[in-house]
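Worth saying up front: this structure is predicted, and the values here are computed from it rather than measured.
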Amino acid sequence: MFTTMDGIGKFVFDWVGYLRDMCVFVYLSFRGVGQIKVRNLKPIFSTLISQIYFTGVNALPIITFMAIATGSIIMLQSTAQLSLFGSEEMMGNILIVTIIRELGPLLTAFTVIARSGSAVATELGYMQVHREVEALRAMSIEPMSFLVFPRILGGVISLICLAFYFNIIALGTGYIVGASVSDLSLSFYLETLSQALTPQAFMVNFIKNALSGLLIFSIATYHGLKVSGAPHEVPIASTSAVVNSIMAVMAFNLSLSILTFAGIL
Amino acid sequence: MRRQSIKHLEFSGIQCSEDGKKIDYSFASDRPVYFEGGTDRHTLLKLMLGLTTPSSGIYRINGLAMNELSHSEFDQYRLNMGHSFEAGGLINNQTLYENYLMLLDYHDFLDPKVRFHHIVKLMELFNLDQVKHLRPANVTGGQRKAASVLRAFLLRPEMVVLDNPTFGLPYELIPILVDLIHEHQIRWNLKHIMIVSDDREFKELLPGDELRLHELSMVHGRAA
């Protein structure tokens, strides 16, 4: 029993320490940028644009596919179930709850973790191995502001935009599928959506996506820069980044959903 | 950030070998200094750049103990230091030109209108202007080494730290490197040149003093 309790206690303490390190890490990356003059931000800005391109633009095809699949599946299932009870007017609520508030942020986050989280951790890990980070320090270029900040900010912006795009495609696909399997009219569909779409849903969606982006890229950059110099540590860092990002995003989404359900948000 | 002039460097009780030998030395001459012997000479170069703190003793710049300076305070001196390590350290996801431009842009060195010409003029010395738009992985090992060594002189520093600068460098570029060092000494106030090198021919072209770490002595004059 004590061994189990010890294990649980250690697990909790490890995670609290990990979150503390993460907060400090993010703070240092943002603080570093605050100390740079505006005219010297060009290299950082160019890394930011690159990150948005690789994380956001390059992910559009897979996000499109996932949104189409998700919208289709949810519409098919909800049409089948709701028609049994004659509750077709609840369709909007179900779509908003599942796509806008829950599945949209989660699936977008998982896609970004798999594509960009692992890539960022690997890239920074190899920069450590090849002594590029050391070279930046030797040139008085602060790695936190130059490498970490643009990746975090670019990741957050990309995730918010990708999630918005996911919502549009999923809801649009939902109508197309619904109209093809039943006599769903566009006006009825839009009416149920508009009744269910509240400012709270937008806010929850935005918060989930923004903070998921912050978690994913903070964790990825943290693990990448933790590589000490041995090449074998890079895949370990990448794996840790992906696993920890998934756990962090799931825990955060669950927490926010509980707060929403409890009426606090 | 305004860079500080590096007038004086000093080791005081710095450990320089695995058997615990410690060195006290004041770098007063403008001649190149070759670090010889000892197992930690590469680490000493990193120490001079502030990338590592001494396990014992004090490293002073202009009389100030390095380990008492904050990161941003030391950066003012580091801006006046150029370096080239054996591992290179070029940023692999940027072209050679971008590697150089990044440094000038980040530190706002020179007028933006002349940065391109400054980079190209420097690269032409080592025949790198034709490959400036390629990434380090897409050029030869010799070109990568040349780019890494040349980068040490980009900000016209008062101090350069060169770790085996001729190892992997095309043979015909070695005299050009020596001329570049002389030019920077005359035109751009290059005062401190710290080198780790086992290349006898390079030492003959660029004579200097030997800091023999295993003997804890300095040999002035032409390096053996």
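Near-neighbour residues of residues 124-148 of chain A relative to chain B, defined by a heavy atom under 4.5 Å from a heavy atom of that chain, comprise M127(A), H130(A), R131(A), E132(A), E134(A), A135(A), L136(A), R137(A), A138(A), M139(A), S140(A), I141(A), E142(A), S145(A), F146(A). Contacts between residues 52-60 of chain A and chain B, defined by a heavy-atom separation under 4.5 Å, are made by no residue at all.
Rounded to the nearest 0.5 Å, atoms NZ (K42(A)) and CG (D108(B)) are 11.0 Å apart. Rounded to the nearest 0.5 Å, atoms CG (N93(B)) and OG (S50(A)) are 8.0 Å apart.
Pairs of residues two or more places apart, or lying in two chains, never qualify as ring pair (Phe, Tyr, Trp, His ring centres under 6.0 Å) while including a residue from residues 229-249 of chain A. For the side-chain hydrogen bond (donor to acceptor under 3.5 Å, both in side chains) condition, the pairs that include at least one residue of residues 157-166 of chain A, sequence neighbours left out, are T64(A)-Y165(A).
Interface remark: L90(B) contributes backbone atoms only to the contact with chain A (heavy atom separation under 4.5 Å). For I91(B), the parts lying near chain A are the backbone and the side chain together; criterion is any non-hydrogen pair under 4.5 Å. Only the side chain of Q94(B) comes within contact range of chain A, with at least one heavy atom under 4.5 Å from a heavy atom of that chain. Contacts between F85(B) and chain A at a heavy-atom distance below 4.5 Å involve the side chain alone, from C-beta outward.
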Does the side-chain contact (heavy atoms from CB on, under 4.5 Å) test come out yes or no for I44(A) and Y106(B), once each step is laid out? CA-CA 9 Å; I44(A) 293 172; Y106(B) 191 88; 4.2 Å; yes
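Around the CZ atom of F252(A), the shell of radius 6.0 Å holds more than 12 heavy atoms that belong to other residues, nucleotides or ligands. The 12-atom threshold is not exceeded at CZ of F45(A), counting heavy atoms of other residues, nucleotides or ligands nearer than 6.0 Å. Around the CZ atom of F109(B), the shell of radius 6.0 Å holds more than 12 heavy atoms that belong to other residues, nucleotides or ligands. The environment of F65(A) atom CZ is sparse: at most 12 non-hydrogen atoms of other residues, nucleotides or ligands sit within 6.0 angstrom.
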